[in-house]
Amino acid sequence: MRIYNTMTRQKEEFTPREPGKVGIYVCGVTPYAQTHIGHARVAVLWDVFKRYLEFKGFEVTLISNFTDVDDKIIAKANQEGLSARDIAERYIADYFEAMQALGVRPADRHPRVTEEISEIIKVVSALIEKGHAYEAGGDVYFDVASFPEYGKLSGRSPEEMEAGSRVEINPLKRNPLDFALWKAAKPGEPAWESPWGPGRPGWHIECSVMSLKYLGEGFDIHGGGLDLVFPHHENEVAQSEAFIGSPFARYWVHNGMVQVDQEKMSKSVGNTAAVREVIKHWDPLVIRFFLISTHYRSPLNFGPEELAAASKGWERLVNAKHRLDKVVLVAASGEGEETPEVVAVRQACAECREKFVAAMDDDFNTALAISALYELVRAVNPHLNQALQGNNNYRTAVWLAAFADCQGLLTVYGQILGIFPQGGTVDESDPGLVADLVELLLELRAEARAAKNWALADHIRDRLGQIGVEVKDTPSGATWELKR
RNA sequence: GGCGGCAUAGCCAAGUGGUAAGGCAGAGGGCUGCAAAACCUUUAUUCCCCAGUUCGAAUCUGGGUGCCGCCUCCA
């Protein structure tokens, strides 16, 4: 596999620290507002990457944090007369709800800053002892000058940054680029006791401490949004490597921003789309499909036209999957012949298999991987039409094996991408009261159609459609399916 | 102002030296009582512009233009 590494600005062959195991840390959210599509992109991407790595046989550990104490949370808490903890809990719950809707599996651990304070204090103390940090007025700052490689991740030099300085003047800092490891508490703020007085951790130190704690030194992959490269990840590199004296993470993987009208979606711009709201209008799986339909490092524009296109394409794949699920239940009657058609379908499977894996192996190219699925669907669909309409030439063992091959591929790759509804659908093959009632109505409708009573026939179809039962006529009778 | 990235059809989007994937939308066709689904045909002599390297470039080099991100909280 090849993965693009921000540190070296090129794709590199991926070799894990320990054969067969991959440790991944992805910067999570600061829970002070509703989870938006930008957050969803990161989560969905890493969910897919993790599933793919597992498919490849790796044992994956994914860690993603919550920054559950910070200025924004405190401000929001004061505004609402609640505690910072209340605010954090509320939006962490919102995050998990959004993730569940999008089919994102929880990370192996979701550590929280407030539960790691003692670890953080240990690391900050060690950095002071090693001469990489200093206390000033109850704050503790990292001394950037003590880390000569500062800037290596984001590709900047300290001199350049000071030249263009938009960095605020803080008289406590020795150097404008120094950043807080520990912040002294102001009155009324949540605080923890420390050797430097009551206070709380700075933003960057938590990720260093938690990633090292749960994954160890030199873990495999550190991910996050492209907007975190500087200063957040640059600072993580500096403080972590100053602390452990060896490389921090092996690969740095950053995803592009979700945009609205070609502008970054962010809380400060005020153009965020909350997952909670968006899923009222679109199937969450369409959102998920949309988020992986572009390469992860590219910007992704979020808008109604883009979603509509994604939705259509997604439905095409879902329909094909459902049709395959149905056709493989047919019992074979006879072995059948190796016709050029069936050979072509099997060939399409082989190509799909090869293309999907090659695409994902090349820096998680989900867009290309999805196109492999479309090509498979296009190859099998005409035959699926025939088979489902009762053409007996397709009730053979060779054809059913070919269909099963297609179905297997869509199932396995669909699970990696997480784009298909779980649990299948309710249709005429499911016994039960619902099926009996629908069948009864369709019998009546068939009689109406036989009598050319189109008004009644259409009325039944329309009303069933409103209830959520989609009816489709075929030469061999009507089929139906429960849509949700 | 500094640093980084991107520019491919109406739209979205792959493709990093060998002659332009895929999806959506559009047009035509076939199927249907109508619809839905699915199918067939069609849609970039060309990849922002200019120069260069090469037998050959969307792909490499130089210059230009436009857009985005970061430099302040941000996924």
Is the terminal nitrogen or CZ of A:Lys76 (NZ for Lys, CZ for Arg) located under 6.0 angstrom from the six-membered ring centre of A:Tyr32 and within 45° of that ring's axis? no
Proximal nucleotide (of [options]) relative to the [X] side chain:
{"X": "A:Arg316", "options": "B:rC34, B:rC24, B:rC73", "answer": "B:rC24"}
{"X": "A:Lys72", "options": "B:rC73, B:rG69, B:rA13", "answer": "B:rC73"}
{"X": "A:Ser371", "options": "B:rG33, B:rA75, B:rG22", "answer": "B:rG22"}
{"X": "A:Glu263", "options": "B:rA21, B:rC34, B:rG69", "answer": "B:rG69"}
{"X": "A:Arg449", "options": "B:rC34, B:rG4, B:rA13", "answer": "B:rC34"}
{"X": "A:Asn365", "options": "B:rG33, B:rA25, B:rG15", "answer": "B:rG15"}
{"X": "A:Pro231", "options": "B:rC34, B:rG23, B:rC71", "answer": "B:rC71"}
{"X": "A:Arg156", "options": "B:rC40, B:rA13, B:rG2", "answer": "B:rG2"}
{"X": "A:Phe230", "options": "B:rC71, B:rA75, B:rC39", "answer": "B:rC71"}
{"X": "A:Lys264", "options": "B:rA14, B:rA75, B:rC24", "answer": "B:rA75"}

In whole angstrom, give the distance that lies between atom [atom1] of [X] and atom [atom2] of [N].
{"X": "A:Asp361", "N": "B:rG15", "atom1": "CG", "atom2": "P", "result": "14 Å"}
{"X": "A:Arg463", "N": "B:rA36", "atom1": "CZ", "atom2": "P", "result": "20 Å"}
{"X": "A:Phe290", "N": "B:rG23", "atom1": "CZ", "atom2": "C1'", "result": "13 Å"}
{"X": "A:Leu368", "N": "B:rA20", "atom1": "CG", "atom2": "C1'", "result": "14 Å"}

Partner of A:Cys352 by side-chain contact (heavy atoms from CB on, under 4.5 Å), out of A:Val357, A:Val380, A:Leu373, A:Asp405: A:Leu373
Check: A:Arg323 side chain, B:rA37 base, donor-acceptor under 3.5 Å: no
With a 3.5 Å cut-off and just heavy-atom distances, do the side chain of A:Asp71 and the base of B:rC73 make a donor-acceptor pair? no
Considering just the side-chain nitrogens and oxygens of A:Lys267, establish if one lies under 4.0 Å of OP1 or OP2 belonging to B:rA75. yes
Would you check if the distance from the ring center of A:His204 to the ring center of A:Phe142 is below 6.0 Å? no
Return yes if some donor-acceptor pair links the side-chain N/O of A:Asp178 with the main-chain N/O of A:Val144 below 3.5 Å, else return no. yes
Taking atom P in both B:rU42 and B:rC47, what distance in whole Å separates the two? 23 Å
With P as the reference atom in both, quote the distance from B:rC3 to B:rU72 in angstrom, rounded to an integer. 16 Å
